[in-house]
Structure formats: structure tokens, C-alpha cells
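Step one of this worksheet: look at the structure below.
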Amino acid sequence: MSTEALSRLGTELGAPPPEGVRGLADDQVTVLADALRAEREARAAGLGEAAEEALKLVPALARGPVRRILFK
């Protein structure tokens with residue numbers, strides 16, 4: 001297994017990969033890293049949508065300042 005694949009997975013995990021991952025092939029580690037990135041992006045998009053929906057509860061005149069405060 002290449003150190004590049006392990007490094008990429010470690011970046012996506014935010015920590016060193018577990019020892020058991022070293023037994024996987026490079027393409028399997030790449031698929032795992034891609035899946036982790038895609039899930040993180042999907043969650044971030046979902047949180048952004050939820051925040052925008054929540055801002056609809058704020059009076060229209062206050063939305064701009066509240067958005068700037070919350071999303072600096």
C-alpha cells in the first residue's frame with residue numbers, strides 16, 4: 001500500500017488511519033477516502049440548508065445582521 005493513499009485517508013479522517021487499513025489495496029483506500037469526503041460535503045451542505053431554513057424564522061430586517069454574526 002502506498003503512503004500517499006494512507007496519507008490521503010489520514011487527511012480525511014483527521015487522524016492516522018487504523019492499523020487494519022494497511023491490509024487494503026490502494027484502490028480500496030482511495031474509495032474509502034472519497035466516500036468520507038463525499039459524506040463530509042453532504043453533511044456540510046445539509047447543515048447550510050438547515051441554517052438558511054432557520055433564518056426564515058428571523059424577522060426579515062434582522063436576517064442580514066444575524067447571518068453576518070453567525071456565518072463570519
(request) Flag yes if more than 12 heavy atoms outside Leu61 fall under 6.0 Å of its CG atom; otherwise flag no. (result) no

(request) Rounded to the nearest 0.5 Å, what's the gap from CG on Leu9 to CD on Glu4? Could you check? (result) 12.5 Å

(request) Flag yes if Val31 and Leu36 sit in one hydrophobic cluster, no otherwise; membership is Ile, Leu, Val, Met, Phe, Trp, Tyr, and two members link when side-chain heavy atoms are under 4.5 Å apart. (result) no

(message) Under 4.0 Å between a side-chain nitrogen and a carboxylate oxygen: does that hold for Glu39 and Arg43?
(response) yes

(message) Quick check for you: to the nearest 0.5 Å, what is the distance between Leu6 atom CG and Asp26 atom CG?
(response) 8.0 Å

(message) Using 0.5 Å steps for rounding, measure from the CZ atom of Arg22 to the OG1 atom of Thr3.
(response) 9.5 Å

(request) In sequence, state the C-alpha distance, the side-chain angles, and the governing distance for Phe71 and Leu55, and then conclude on side chain to side chain contact (heavy atoms under 4.5 Å, CB included). (result) CA-CA 12 Å; Phe71 303 112; Leu55 280 174; 3.9 Å; yes

(message) Is the shortest side-chain heavy-atom distance between Leu24 and Val21 below 4.5 Å?
(response) yes

(request) For the pair Gln28 (side chain) and Ala25 (backbone), establish whether a donor and an acceptor sit closer than 3.5 Å, ignoring hydrogens and angles. (result) yes

(message) Quick check for you: to the nearest 0.5 Å, what is the distance between Arg37 atom CZ and Thr11 atom OG1?
(response) 10.0 Å

(request) To the nearest 0.5 Å, tell me how far Arg63 CZ sits from Lys56 NZ. (result) 8.5 Å

